[in-house]
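Remarks on the structure that follows.
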Amino acid sequence: MASHVVKEAALTSDTSGQLWSCCVWDLQSGTTLATYKGDSSAPRGLCLLGNEYLLSAVNNKPLLHVWALNRRDHVQQRMVCGGRVTALAVSPDGSLVVAGIAEKINVWQVCTGNLLAVLTRHYQGVTCLSFTDDGSHFLSAGDDNLVLVWPLHGVLSGTSVATGHSLEPRHTLSHHSLPVTDLYCGCGGLHARAVSASLDQTCKLFEVSSGQLILSVSFEGGITSVTMDTAETRIFTGSMNGLIYQVNLHAQPIQRERHVGDSEDDKAQVFKGHSKQVTCLSVSMDGHQLLSGSHDHTARLWDIPSMQCVRTFSHKGPVTNAVLIRPPYSMLEGREKPSTPLQQFKRHLYTQRQGEEMAKETGDTVDVRLGQYQKDETVGHVSQDSEELERIHSYTEQMEIQQKTDHVGKQDLETEVTRLKSINQQLYQYAAQTIFNRNGAS
């Protein structure tokens with residue numbers, strides 16, 4: 001354990017997996033605080049689940065690896081998925097896990113492991129996923145050049161019955177002309193601003209609520225990673241040529257479209273040090289440091305005001321994930337055990353009939369997980385629980401209305417099928433009678 005108080009640390013992974021699957025680094029000393037052993041982690045496939053677990057999508061395998069933060073020596077669980085996971089995200093309250101598998105998006109409930117939804121709106125592989133900070137929406141992007149905004153309440157209520165219909169997102173944004181490589185969603189819930197990066201050499205800043213494009217910035221090469229500082233005054237983009245660009249959103253004159261690279265002022269806002277493609281970016285909470293990962297087998301920590309590299313973390317392969325985190329106590333001490341076991345994620349869609357059967361078996365009860373809280377964090381929990389219960393009550397009412405509507409719709413369909421069968425039988429008899437009469441006449 002480090003001798004000083006660790007307020008922020010770097011969590012990284014690479015494609016080799018020779019030494020470890022992922023590693024936690026001390027920003028001040030550059031030493032390792034914790035390592036988790038297993039297979040290599042896929043790009044955009046490393047997430048903390050609350051303060052108890054670490055999830056990793058295995059590179060080139062249809063597996064999710066799970067570590068309890070207090071046990072680093074071996075993988076606690078291996079979850080088999082329906083395909084290779086290309087993107088992974090966890091809701092802010094830790095209740096849902098969203099994964100991109102080929103062109104589909106799977107939504108799992110953590111406390112039960114149930115597969116609540118499978119979204120099929122993308123036409124090609126999903127490359128990145130990101131939640132809003134209030135957990136009400138999540139964004140997805142893929143190789144089909146699209147960015148989709150999904151309302152979580154619509155996703156959960158719309159999949160209570162397996163009808164086979166594809167759910168539609170709140171917004172479908174087609175601002176890019178080539179595959180989208182990265183997404184970052186700022187603060188503000190539904191009213192947040194988000195930025196996307198693409199191989200078409202642009203990044204797009206837009207509103208989540210309306211989908212309206214605010215700013216388009218073009219560069220001199222394909223953009224492979226993007227992030228913003230906590231104040232959302234600057235955009236940082238990583239390019240395929242190893243350069244990291246800084247874009248000041250308050251620069252004058254304010255324009256809807258910009259090109260970085262034409263003027264000397266623009267060229268000065270560049271972090272130089274990586275020799276290959278920059279795969280991931282993350283800004284510290286105080287906005288003074290920037291962490292970057294690259295295919296040149298290094299992760300670098302930059303001082304943003306001076307644009308100088310202050311520390312280099314060496315890896316054995318191309319860096320796939322690099323993010324600055326507030327390390328939980330169990331990650332540093334390795335003592336506290338998870339308060340609840342993590343259920344295996346199921347591969348088949350959870351349907352309404354399964355829910356009704358389970359309710360009968362358990363006495364018509366519903367298991368609800370209101371989130372995970374650290375010790376000594378009791379202030380404000382009552383109001384948070386009340387808001388959560390209100391959302392659950394609203395969701396239950398929507399479920400009841402949906403069930404009634406589906407019941408009426410099923411009766412109408414059965415009546416229509418019976419009518420069509422009767423018409424089909426009459427047509428068959430008429431055709432057969434006509435043929436027999438013609439043969440008899442001949």
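Not measured: the values here are computed from a predicted model.
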Look at the aromatic rings of F138 and F131 and report parallel, tilted or perpendicular, splitting at 30° and 60°.
tilted

Do you see a donor-acceptor pair shorter than 3.5 Å between the side chains of [X] and [Y]?
{"X": "N321", "Y": "S13", "result": "yes"}
{"X": "H176", "Y": "N145", "result": "no"}
{"X": "S422", "Y": "Q425", "result": "no"}
{"X": "H274", "Y": "S292", "result": "yes"}
{"X": "K104", "Y": "T120", "result": "no"}
{"X": "S21", "Y": "S41", "result": "yes"}
{"X": "S218", "Y": "H259", "result": "yes"}

[X] side chain to [Y] main-chain N or O, any donor-acceptor pair under 3.5 Å?
{"X": "S130", "Y": "L139", "answer": "no"}
{"X": "Q277", "Y": "G242", "answer": "no"}
{"X": "W150", "Y": "R170", "answer": "no"}
{"X": "S198", "Y": "D200", "answer": "yes"}
{"X": "Y36", "Y": "L69", "answer": "yes"}
{"X": "W20", "Y": "A34", "answer": "no"}
{"X": "R256", "Y": "I214", "answer": "yes"}
{"X": "S216", "Y": "K204", "answer": "no"}
{"X": "N241", "Y": "L243", "answer": "yes"}
{"X": "H171", "Y": "S209", "answer": "yes"}

Using the ring pair (Phe, Tyr, Trp, His ring centres under 6.0 Å) rule, take Y245 and F236 through it: C-alpha gap first, then chi angles, then the decisive distance, then the call.
CA-CA 6 Å; Y245 298 94; F236 299 90; over 10 Å; no

Between [Y] and [X], is there a side-chain heavy-atom distance shorter than 4.5 Å?
{"X": "Q426", "Y": "Y428", "result": "no"}
{"X": "V126", "Y": "D143", "result": "no"}
{"X": "Q289", "Y": "V283", "result": "no"}
{"X": "V155", "Y": "I105", "result": "no"}
{"X": "V260", "Y": "V247", "result": "yes"}
{"X": "F345", "Y": "L115", "result": "no"}
{"X": "L249", "Y": "L215", "result": "yes"}
{"X": "T35", "Y": "V24", "result": "no"}

In Å, rounded to the nearest 0.5 Å, how long is the span from [atom1] of [X] to [atom2] of [Y]?
{"X": "L290", "Y": "T227", "atom1": "CG", "atom2": "OG1", "answer": "8.0 Å"}
{"X": "I325", "Y": "M285", "atom1": "CD1", "atom2": "CE", "answer": "10.5 Å"}
{"X": "T132", "Y": "H191", "atom1": "OG1", "atom2": "NE2", "answer": "11.0 Å"}
{"X": "Q433", "Y": "I435", "atom1": "CD", "atom2": "CD1", "answer": "10.5 Å"}
{"X": "K421", "Y": "E416", "atom1": "NZ", "atom2": "CD", "answer": "12.5 Å"}
{"X": "L148", "Y": "E168", "atom1": "CG", "atom2": "CD", "answer": "9.0 Å"}

Full working for side-chain contact (heavy atoms from CB on, under 4.5 Å) between V319 and S294:
CA-CA 5 Å; V319 177; S294 171; 5.9 Å; no

Would H175 and S196 count as a side chain to side chain donor-acceptor pair (under 3.5 Å) here? Give the steps.
CA-CA 9 Å; H175 300 145; S196 59; 5.9 Å; no

Shortest non-hydrogen contact between [X] and [Y], atoms and distance:
{"X": "C47", "Y": "V90", "result": "CB-CG2, 3.8 Å"}
{"X": "D133", "Y": "G189", "result": "OD1-N, 2.7 Å"}
{"X": "P43", "Y": "N59", "result": "CD-OD1, 4.1 Å"}
{"X": "A9", "Y": "W25", "result": "CB-O, 3.3 Å"}
{"X": "I101", "Y": "T86", "result": "N-OG1, 4.4 Å"}
{"X": "L116", "Y": "L156", "result": "CD1-CD2, 3.7 Å"}

Other residues, nucleotides and ligands only: do more than 12 of their heavy atoms fall within 6.0 Å of CD on E257?
no

Is the NZ atom of K61 crowded by more than 12 outside heavy atoms at less than 6.0 Å?
no

One pair to check against side-chain contact (heavy atoms from CB on, under 4.5 Å): V217 and C203. What are the steps and the verdict?
CA-CA 5 Å; V217 185; C203 70; 3.8 Å; yes

Using the rule side-chain contact (heavy atoms from CB on, under 4.5 Å), only one of D182, L183, V85, T279 pairs with R44; which is it?
D182

Can we say R193 and E232 salt-bridge, meaning some charged N sits less than 4.0 Å from an Asp/Glu carboxylate O?
yes

Given L54 and L46, is the side-chain contact (heavy atoms from CB on, under 4.5 Å) satisfied, shown in steps?
CA-CA 8 Å; L54 180 64; L46 188 63; 4.1 Å; yes

side-chain contact (heavy atoms from CB on, under 4.5 Å) for E103 and Y123? Distances and angles first, verdict last.
CA-CA 6 Å; E103 72 280 358; Y123 305 106; over 6 Å; no

If you apply the rule side chain to side chain donor-acceptor pair (under 3.5 Å), what do you find for T12 with H315, and how did you get there?
CA-CA 9 Å; T12 66; H315 293 69; 2.8 Å; yes

